[in-house]
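One structure is given below, encoded as structure tokens.
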Amino acid sequence: MDSDFIKSIVFEINIKSFVASLIILVAAFVLIKLIMLFTEKLIQLTNFNEQREKTIKSLIDSVAAYFILTVAILSILSQFGLIKRSTVMTGAGIITLIAGLGAQSFIKDIINGFFILFERQMKVGDFVSINEQFLGTVEEIGLRSTAIREWSLKKVYIPNGEIKTLKNYYKDMARVILEIIIPFEEDHQLVMETLEEICQHINQQHDDKIYKLGTVNYSEFSVYGVMSIDGKYGGAKYIITGVVKPAYQWAVRNRAYEYILTVLKEKNIRLAYPRVYWQQDK
């Protein structure tokens, strides 16, 4: 009889612990969702830099989620008597949990993530190349990882501790380099004059996209001249360069190439292509 009574008490305690744990878990996810909605509304109400706000939102959401879930897990463990209730309210419990999950990697990711944000290496919306392997737009910068959206629309999550090299194509300015290969037989003087005209057109057409220091423009498109007469290109390589605002670098490059094709065709200037020569046996 005593044995049945004890079993019923244990069963009742387990049911209460299970229900309490379920409530804690639901409350944790609801709280995380509310924080995300709050930060989203806060961004909509403010008029600061949108990309920087999204970066801060991503970090706040990530920190809040990790903290709330950690406290929730510790609370659930305390419900089943696996840890003391006082441990939930102390940092020792969180440190112990982190150590058990592999503190070295965890802390490395967090520290690297803070340096990325502190040094403003990238922000949400930037187009970046990470470790010469991943290329895409930054969508999230979290406490442990960074998420980028590749051209294929795949979303890639990269642990912050594994980020060794970072190329930011949206950092202040970007140089557009246009390579035009013209056959050696063409009139060099005519080619130079044509390319100069093309540069003038690009500068006028894309004046609002060219990088400027105040009202002074030091970055207009200009012809660098012949950069190579290596036969493997099939002709002489001419280079045109200009510095633009980073968000427009590919659009300006593409429109410029389209205009170059049109003008060269109008002036009957051919574009070169690699040629193969062979000697006929005598």
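All residue numbers in this chain count up from 1 along the given sequence. Side chains are part of it too, since the values below use all heavy atoms of this structure and drop only hydrogens, waters and symmetry mates.
Legend: residues meeting side-chain contact (heavy atoms from CB on, under 4.5 Å) with Tyr259, ordered by chain and number and at least two apart, are Ile198, His201, Val263. Residues passing the ring-ring contact (aromatic ring centres under 6.0 Å, His included) test with Phe127 are Tyr169, Trp250, sequence neighbours excluded. Taking Lys167 as the reference, Glu132 meet the side-chain hydrogen bond (donor to acceptor under 3.5 Å, both in side chains) condition, with sequence neighbours excluded. Partners of Gln121 under the side-chain contact (heavy atoms from CB on, under 4.5 Å) rule, at least two apart in sequence or in another chain, are Ile116, Glu119, Leu166. Qualifying side-chain contact (heavy atoms from CB on, under 4.5 Å) partners for Val226, counting only residues two or more places apart in sequence or in other chains: His188, Ile229, Ala236, Tyr238. Annotation: side-chain contact (heavy atoms from CB on, under 4.5 Å) contacts of Asp230 (sequence neighbours excluded): Ser228, Lys232, Tyr233.
Closest approach of Met122 to Ile141, counting heavy atoms only: O-CD1, 3.7 Å. Scanning both residues, Lys155 and Ala147, for their nearest heavy atoms gives CE-CB, 3.8 Å. Of all non-hydrogen atoms in Cys199 and Val223, the two that sit nearest each other are SG-CG2, 3.6 Å. Closest approach of Val191 to Glu186, counting heavy atoms only: CG2-CB, 4.3 Å. Annotation for Lys164 and Asn131: closest pair N-OD1, 2.7 Å, computed over non-hydrogen atoms. Closest approach of Tyr170 to Pro246, counting heavy atoms only: CA-CB, 3.4 Å.
You'll find the side chain of Val156 reaches within 4.5 Å of the side chain of Ile158, heavy atoms only. Between Gln205 and Arg255, the closest side-chain pair of non-hydrogen atoms is not below 4.5 Å. Residues Ile210 and Val243 form no side-chain contact, since every pair of their non-hydrogen atoms from C-beta on lies 4.5 Å or further apart.
To the nearest 0.5 angstrom, Ile239 atom CD1 is 11.5 Å from Ser222 atom OG. To the nearest 0.5 Å, atoms OG1 (Thr194) and CD (Gln189) are separated by 10.0 Å. Atom CD of residue Glu162 and atom CG of residue Asn160 lie 9.5 Å apart, to the nearest 0.5 angstrom. Here the straight-line distance linking atom CG of Leu135 with atom CZ of Arg149 works out to 14.5 Å at 0.5 Å rounding. In this structure, CG in Asn268 is found 10.5 Å from CZ in Arg270, a value given to the nearest 0.5 Å. For the atom pair CD1 (Ile24) and CD1 (Ile73), the distance works out to 11.5 Å, reported to the nearest 0.5 Å.
Linking ILVMFWY residues whenever their side-chain heavy atoms come closer than 4.5 Å, directly or via other members, places Phe29 and Ile68 in the same cluster. Hydrophobic clustering keeps Leu195 apart from Met227 (ILVMFWY residues linked when any side-chain heavy atoms are closer than 4.5 Å, directly or through intermediates). Grouping the Ile, Leu, Val, Met, Phe, Trp and Tyr side chains by contacts below 4.5 angstrom, directly or via other members, places Phe221 apart from Ile177. Under a hydrophobic-cluster definition in which Ile, Leu, Val, Met, Phe, Trp and Tyr are linked whenever side-chain heavy atoms come within less than 4.5 Å, directly or via other members, Leu261 and Ile269 are assigned to the same cluster.
Within a 6.0 Å radius of OH in Tyr257, more than 12 heavy atoms belonging to other residues, nucleotides or ligands are found. In the displayed structure, Phe134 atom CZ is contacted under 6.0 Å by more than 12 heavy atoms of other residues, nucleotides or ligands.
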| task | Decide side-chain contact (heavy atoms from CB on, under 4.5 Å) for Thr146 and Ile163; before the verdict, give the C-alpha distance in whole Å, the side-chain angles of both, and the deciding distance to 0.1 Å. | result | CA-CA 9 Å; Thr146 295; Ile163 297 177; 4.1 Å; yes

| task | Start with the C-alpha distance between Ile180 and Ile240, add both sets of side-chain angles, then the distance that settles side-chain contact (heavy atoms from CB on, under 4.5 Å), and finish with yes or no. | result | CA-CA 8 Å; Ile180 306 100; Ile240 291 176; 3.9 Å; yes

| field | Derivation and outcome, side-chain contact (heavy atoms from CB on, under 4.5 Å), residues Val244 and Tyr211 | value | CA-CA 4 Å; Val244 300; Tyr211 178 79; 5.7 Å; no

| Pair Leu271-Ile182, side-chain contact (heavy atoms from CB on, under 4.5 Å): steps then yes or no | CA-CA 5 Å; Leu271 284 169; Ile182 304 295; 4.0 Å; yes

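Under 4.0 Å is where a charged nitrogen must lie from a carboxylate oxygen, and between Lys267 and Glu197 at least one such pair does.
A donor-acceptor pair under 3.5 Å is formed between the side chain of Asp126 and the backbone N or O of Lys123.
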